[in-house]
Amino acid sequence: MDLVAKVRTIVVAIPKGHVAAYGEIGRELGISPREAGRAVALLDEDVPWWRVVYADGTPATCHDGEARALLEAEGVVFRGGRVDMLTIR
DNA sequence: GTTATGACTCCAG
DNA sequence: ACTGGAGCCATAA
């Protein structure tokens with residue numbers, strides 16, 4: 001079972017209108033945040049990687065701006081350019 | 001084996 | 001609230 005597969009499983013399990021932090025995934029798998037980020041970066045395109053954000057709710061830097069649009073389309077609440085963590089919890 | 005880099009997070013200013 | 005520096009861990013050269 002590759003780390004990527006585990007991360008993929010977690011990411012696809014994220015409900016619509018919800019997001020997860022890299023650190024959260026890392027903790028869940030018992031790996032460091034860097035590992036989680038790296039794994040997510042290697043994920044397939046089938047996985048909603050845009051639902052994975054920074055610990056403070058900031059979307060990933062890659063595809064800058066695209067993650068935001070996708071999240072909003074999914075129904076994720078944004079507050080001042082960042083995902084509303086309160087909604088996540 | 002050593003060095004550099006990153007889709008990270010935390011702490012301090 | 002924003003920026004910068006430090007820490008962490010795996011991959012690549």
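Keep in mind it's a predicted model, so treat the numbers as computed, not measured. Note on naming: letters A, B, ... go to the chains in the order of the sequence lines (proteins, then strands), and numbering restarts at 1 for each one.
- Nearest-nucleotide mapping onto DNA chain C: of A:Arg82 and A:Ile31, the residue sitting toward the 5' end is A:Arg82.
- Nearer the 5' end of DNA chain B, as judged by each residue's closest nucleotide, is the contact made by A:Trp50, out of A:Trp50 and A:Arg27.
- Annotation: the span from A:Arg79 atom CZ to A:Leu86 atom CG amounts to 5.0 Å, rounded to 0.5 Å.
- Following rounding to the nearest Å, A:Asp56 (CG) and C:dA1 (C1') show an atom-to-atom distance of 12 Å.
- One interatomic measurement links the two molecules: OH of A:Tyr22 to P of C:dC9, which rounds to 19 Å at whole-angstrom precision.
- Distance, A:Asp2 CG to C:dT11 P: 10 Å, rounded to whole Å.
- In this entry the distance linking CD1 of A:Ile25 with P of B:dT9 reads 9 Å, nearest Å.
- Taking atom CG on A:Leu42 and atom C1' on C:dA12, their separation rounds to 12 Å, with Å as the unit.
- Rounded to whole Å, the distance from OH on A:Tyr54 to P on B:dC11 is 18 Å.
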- request: Give the C-alpha distance, both sets of side-chain angles, the deciding distance and a yes or no for salt bridge (Lys or Arg N to Asp or Glu O under 4.0 Å) between A:Arg82 and A:Asp56.
  value: CA-CA 8 Å; A:Arg82 268 169 240 149; A:Asp56 51 1; 5.4 Å; no

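- Ionic pairing of A:Glu35 and A:Arg38 is present here: one or more N-O contacts between side-chain nitrogen and carboxylate oxygen are shorter than 4.0 angstrom.
- Regarding A:Glu35, its CD atom lies at a distance of 14 Å from the C1' atom of B:dT5, rounded to whole Å.
- The side chain of A:Arg38 contributes no N or O atom lying less than 4.0 Å from OP1 or OP2 of C:dC8.
- Sparse packing is recorded around CD of A:Glu28, with 12 or fewer heavy atoms of other residues, nucleotides or ligands lying under 6.0 Å away.
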